[in-house]
2 protein chains.
Amino acid sequence: MTYCVGLKIDRGLVFMSDTRTNAGVDSISTFRKMYTWEMPGERVLVLLAAGNLATTQAVVSLLDERSKAPEDREPSILKTPSMYQTARLIGDTVKEVISSSAPVGQNADAFGASFILGGQIKGTEPRLFMVYPEGNFIEVSDDTPFFQIGETKYGKPILVRAYDPSMTFAETVKLLMVSFDSTVKSNLSVGLPLDLLFYERDTFEVTYRKRIGSDDAYYREISDGWSDALKSAFKSLPDFKP
Amino acid sequence: MTYCVGLKIDRGLVFMSDTRTNAGVDSISTFRKMYTWEMPGERVLVLLAAGNLATTQAVVSLLDERSKAPEDREPSILKTPSMYQTARLIGDTVKEVISSSAPVGQNADAFGASFILGGQIKGTEPRLFMVYPEGNFIEVSDDTPFFQIGETKYGKPILVRAYDPSMTFAETVKLLMVSFDSTVKSNLSVGLPLDLLFYERDTFEVTYRKRIGSDDAYYREISDGWSDALKSAFKSLPDFKP
């Protein structure tokens, strides 16, 4: 499993992903699920991937290879004219990879993968998309300002309740840390280290990125603090009177 | 979907279940998922059901019918010598119903159902079991003092964090209310009203039961209060420093 979140705030975009992959509980590895393409001053693209690791790696390899290839190996993810066209490119690549992996008549679900794509291309607004295994995609709206992929349930309630578009990056990272901590505590197949990235709008370069290990002081502070804060919050509510 | 929790504390057993059933989002109904058998002074049995409604109703009808039937229609749920034998009886009944519903070769999963069984029979301790669609079952331990069936993920983190075996009934109901509120807010297929029951050990009769509707004052207080308490808890944590 996997847990990835992409979140849009007024100031820009924030991304977090875990790094655990597993094929059964006795076959666990660490793989980066966050990929970036950057042309400073022109575009920043961030892709988060969940699902079949062979599929997601093939998609990223194809995107990467074409971005470095001679002119005739279009389309390149570094040349798409808009975020919408970038999402289409990723959708098409996902479809291509899945259809070439899954023999006719075989269940294609096992090869499935979902992606969160965010970024900004000069002359356009920052945008955030979710790309489905079928290759189609949706964009965030003001009502639903974030996307989650992978093991989404444990970490959703706090996102829904505490998100506010005027949040600072520091507050947003805190929110994501709490959401990831709840998920890591509940599902063995989501694990540290985490990859964090934030992008400030109209800067056209990655503002900040960090890999957060289990010994990270801030992560520990949030993880321990949230348990205590939850217990206090719970205690503060009135008891039932039969 | 469904959400049911059975929880063991030092003082006894507490049960809560929702009442929403659905076959698609446009076919929603309200059905009780909590069933009780009581012989005051001798035994109290509580059964919570999740899964295929036809299966769960058939299981309960069979148990019920046999408990009222002439002597030769044994085994009766009112005559089992122990909670362990009661869990076996329920497991056998589940197997019987599922195997008669699912034609050979057809996927039996669609007919699946899970149960939480709790109660006490005179001369024995209160016990709490989870019965699987396959008819086998497990019992709570000190490490895992509760069972959830149905849509279990949203409501689990608070159960794990706030449970304490020395809780009073009033505190336990508060805990279940928070767990159910998180689930109801996140999944349309879990809905009010809720059924609440608690059983105080060694009393051999149902201590308290109540149906909690969406207009219930305490539910509203917890639902609103928990949102605010969570936000305050979140605010109390330190922000990330890049």
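- Contacts with chain A were tallied for Ser232(B), Gly155(B), Pro242(B), Gly225(B); Pro242(B) has the most, counting heavy-atom pairs under 4.5 Å.
- With respect to Arg161(B) and Asp181(A), a salt bridge is recorded, a charged nitrogen being found less than 4.0 Å from a carboxylate O.
- Side-chain atoms of Val173(B) and Asp239(A), non-hydrogen and from C-beta on, never get closer than 4.5 Å to each other.
- Formation of a donor-acceptor pair under 3.5 Å by the Lys174(B) side chain with backbone atoms of Leu237(A) is found in this model.
- The distance from the CZ atom of Phe234(B) to the CG atom of Leu175(A) is 4.5 Å, given to the nearest 0.5 Å.
- For NZ of Lys122(B), the number of neighbouring non-hydrogen atoms (other residues, nucleotides, ligands) closer than 6.0 Å is 12 at most.
- Cation-pi contact between Lys156(A) and Tyr154(B): absent, since separation from the ring centre below 6.0 Å together with deviation from the ring axis within 45° is not met.
- Contacts of residues 34-43 of chain B with chain A at a heavy-atom distance below 4.5 Å are absent; not one residue qualifies.
- Around the CD1 atom of Ile28(B), the shell of radius 6.0 Å holds more than 12 heavy atoms that belong to other residues, nucleotides or ligands.
- The pair Lys235(A)-Asp164(B) does not meet the salt-bridge criterion, since no charged nitrogen lies less than 4.0 angstrom from a carboxylate oxygen.
- Between chain A and the residues Ser182(B), Ala229(B), Ala162(B), Ser236(B), the most heavy-atom pairs under 4.5 angstrom are made by Ala229(B).
- No more than 12 heavy atoms of other residues, nucleotides or ligands sit less than 6.0 Å from atom CG of Leu188(B).
- Neither the backbone nor the side chain of Phe169(A) comes within contact range of chain B; no heavy atoms are under 4.5 Å apart.
- At least one donor-acceptor pair closer than 3.5 Å links the side chain of Tyr218(B) to the backbone N or O of Pro238(A).
- In this structure, chain A has a heavy atom under 4.5 Å from the side chain of Leu196(B), while its backbone stays farther away.
- Heavy-atom neighbours of chain A within the stretch residues 200-211 of chain B, taken at a separation under 4.5 angstrom, comprise Tyr208(B), Lys210(B).
- Between Ser186(A) and Lys153(B) the shortest side-chain heavy-atom distance does not fall below 4.5 Å.
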